[in-house]
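In what follows, a single structure is set out as structure tokens and then discussed.
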2 protein chains.
Amino acid sequence: MLEAKLAEAGTLKKLLDAIKELVTDANFECNEEGITLQAMDNSHVALVAVLLEATGFKRYRCDRPMPLGVNLTSLTKVLKCAKDDDECTLKAADEADVLNLVYEAKNSDRIAEYDMKLMDIDSDTLGIPDTDYDARVTMPSSEFTRIVRDLSQLGESVRIEVSKEGVRFASDGEAANGSVLLRPAEGGSIGKVTQRKSKVKTEKKEDGDVVDVDAEDDEEEEGGVRGRIKKEKKVKKELKEGEDVDMEDEDEEEFKPKSDDEGEEEQAEDDDEEEESDGKKRKKKASSSKKPAKKAKTASSSKRKGKGKSNSDDSDDEAEGVRIQMNAHVSLTFSLKYLVNFSKSASLCNRVQLMMSNDVPLLVSYVFGQGYIRYYLAPKIGDE
Amino acid sequence: MLEAKLAEAGTLKKLLDAIKELVTDANFECNEEGITLQAMDNSHVALVAVLLEATGFKRYRCDRPMPLGVNLTSLTKVLKCAKDDDECTLKAADEADVLNLVYEAKNSDRIAEYDMKLMDIDSDTLGIPDTDYDARVTMPSSEFTRIVRDLSQLGESVRIEVSKEGVRFASDGEAANGSVLLRPAEGGSIGKVTQRKSKVKTEKKEDGDVVDVDAEDDEEEEGGVRGRIKKEKKVKKELKEGEDVDMEDEDEEEFKPKSDDEGEEEQAEDDDEEEESDGKKRKKKASSSKKPAKKAKTASSSKRKGKGKSNSDDSDDEAEGVRIQMNAHVSLTFSLKYLVNFSKSASLCNRVQLMMSNDVPLLVSYVFGQGYIRYYLAPKIGDE
DNA sequence: CGACTAATAC
DNA sequence: GTATTAGTCG
């Protein structure tokens, strides 16, 4: 039985706006740790992974893991019936074929209740590998939106290049070519990417699906990070331990327990890793599960900050500025169509992070108060 | 010859926005009392009735009754050429085939003038019966808009149910079912509907057109109300006297003189009747025709208030809160498509009133400074 | 049958 | 100005 009360329906609404065009149906995997969703886009080119942490809910209860097969179009419709600041309670009986949503206006007598039909969806839960990327670019999400939108008018794809110069987005089109160069903020120093273990193992994949790099070494550094983000997700932790490569085998449920968490750290590390490697508190795990004071839009940064760990965490908070970290020059080409789609998550977080390594799927991630949304997109090879 | 000067072109613009999707052509019936419009929607399911009182104009003159056949799309275009706060003068010669519109910017030298072609329209002026309803729900028009819009996403029709619990709007759809419950504001007390004469005679009709209930007893209570609203419409009053049941016979011109006025009272009674039956001032008629100080959005309530009559008039003014009055449990099903259309009048008034009796067309009415706009919609029978 | 474009509503 | 929807075109 699931009963999850979200303080603001707006969060869910934005999430759905962000993915509904990419995916039509998906399983919301609910378990005691929260709700996750993972799905390939309709054309099977991109992958979306969403996490809503149990701790991010006003009330959360999920007796046992249950997948809720949801048609996102339907859910979008139902969510449109909620005001952004309505409290939203999701309820589902154990073997239910409907999801019950109750919206309670914060200050009124209005109560709206919806029952949405659920469906059985074959969960193609892919293992999402934990990758150490050669480049990380963190920038205002609005900037990212702008760039991909602009360039999408010119051409089909964009070449993203990270070098000492900065990050360049370039697109060639019939009528015009365009290129946007972003230099790192403050001085323009480009640091190294904080690696889990600095072990970057990029294995190229042919089908252009999910990432297949690996590097699954939950050592000190990430252990700590993971702990912070994972909060009371020790169970998950357990599972993660010892996992090494999981992406090759798709259709596993390792997503939630393993890859997901792994991914989580990356997210978390966002700020923490920013200036990288400060051993302190690294092992702090469940203890750090206190809820962040701030929420919603700025929640992601607030949260990270709250942990008060690394050096330049603040820089991530400021919506302005581009942060670039790179270990090696990276140049990849992606379909703009997808990036434009990804960029719709900008409403969830004012910062976006791009993680790249040559020949490896790009990871675009947005972190918000209750969790994150990540997109993976395989690069174009040659001149497809 | 018609010459009517409206203080704000915006009023007309909003009116047209409200009905142009429902009706494409209609006669603006002009007479000394003002301008009325009545039309069935294009699919002949709903009826719109608009009144612009002569007294609501800054200047009004209409020597003799004349119908102005207007293509609403054209008029909309012409009105778009006016700023909302322009003074707008409508002029038409007696047998003219054009309507002349002059826009004068309030504080400038700008004068725009347009001549719009008129057309001959068969006036299907239906008699609109005067009905005593079993339930009256008054709520913020924005709330109504929201609900019907929300539910229209789920299904085709909505069941509106008024009970001691409150008013419930429920819709069943393929993907989801939805239900919105509104409880009455302040305390949640649900009073009785103030009847003209407390004589509720609901005759069922088969064709599902206009209302066919009757109860046309202009006695003390309503006489007073009518007087207030009707203002110097004594002539009309005359006509009304003796009218009893008029809905059965459609295609009469009784609309303006009779039913319309009758309906008007209902509107007016809104606030007045609120707490219901207070004999004081009831007979006050033409004397109360002073213009309200406030205008536009809150005009309706302002106006009513201006009359300063009944007890809880104020409650109607507050945009917040739902007021429910019922004599009997009511449960009706309507096409959401139409209700959504009706709800576009929200820009004219921040309160809307729903009048219902089982098996009788719903009356949705918006009252604004210069008059009102009412919609009638027959309920769905069975599960059409 | 799908995609694209145009119109319209938000 | 954006997003949706309806209609048209391929």
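Keep in mind that this is a model prediction, so the values were computed, not measured.
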Expressed as a whole number of angstroms, how long is the span from [X]:[atom1] to [N]:[atom2]?
X: B:Lys80; N: C:dA9; atom1: NZ; atom2: P; value: 8 Å
X: B:Gln153; N: C:dA9; atom1: CD; atom2: C1'; value: 14 Å
X: A:Lys344; N: D:dA3; atom1: NZ; atom2: C1'; value: 9 Å
X: B:Lys14; N: C:dC10; atom1: NZ; atom2: C1'; value: 17 Å
X: A:Lys20; N: D:dA3; atom1: NZ; atom2: P; value: 10 Å

Under 3.5 Å, is there a donor on one side chain and an acceptor on the other for [X] and [Y]?
X: A:Asp41; Y: A:Tyr338; answer: yes
X: A:Asp25; Y: A:Asn71; answer: yes
X: B:Arg159; Y: B:Ser171; answer: no

>> With side-chain contact (heavy atoms from CB on, under 4.5 Å) as the criterion, how do A:Tyr103 and A:Cys81 come out once you've worked through the C-alpha distance, each side chain's angles and the decisive distance to 0.1 Å?
In response: CA-CA 8 Å; A:Tyr103 308 139; A:Cys81 300; 4.0 Å; yes
> What residues form a ring-ring contact (aromatic ring centres under 6.0 Å, His included) with B:Tyr375, not counting sequence neighbours?
Replying inline: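 Here the qualifying residues are B:Phe342.
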>> According to ring-ring contact (aromatic ring centres under 6.0 Å, His included), who are the partners of A:Phe144, at least two apart in sequence or on a separate chain?
In response: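 A:Phe144: no ring-ring contact (aromatic ring centres under 6.0 Å, His included) contacts found.
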> Does B:Arg149 make a side-chain N or O approach to OP1 or OP2 of C:dA9 shorter than 4.0 Å?
Replying inline: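 Result: no.
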Tabulate protein N/O versus nucleotide N/O from nucleotides 6-8 of chain C, keeping only pairs under 3.5 Å, one per line.
none

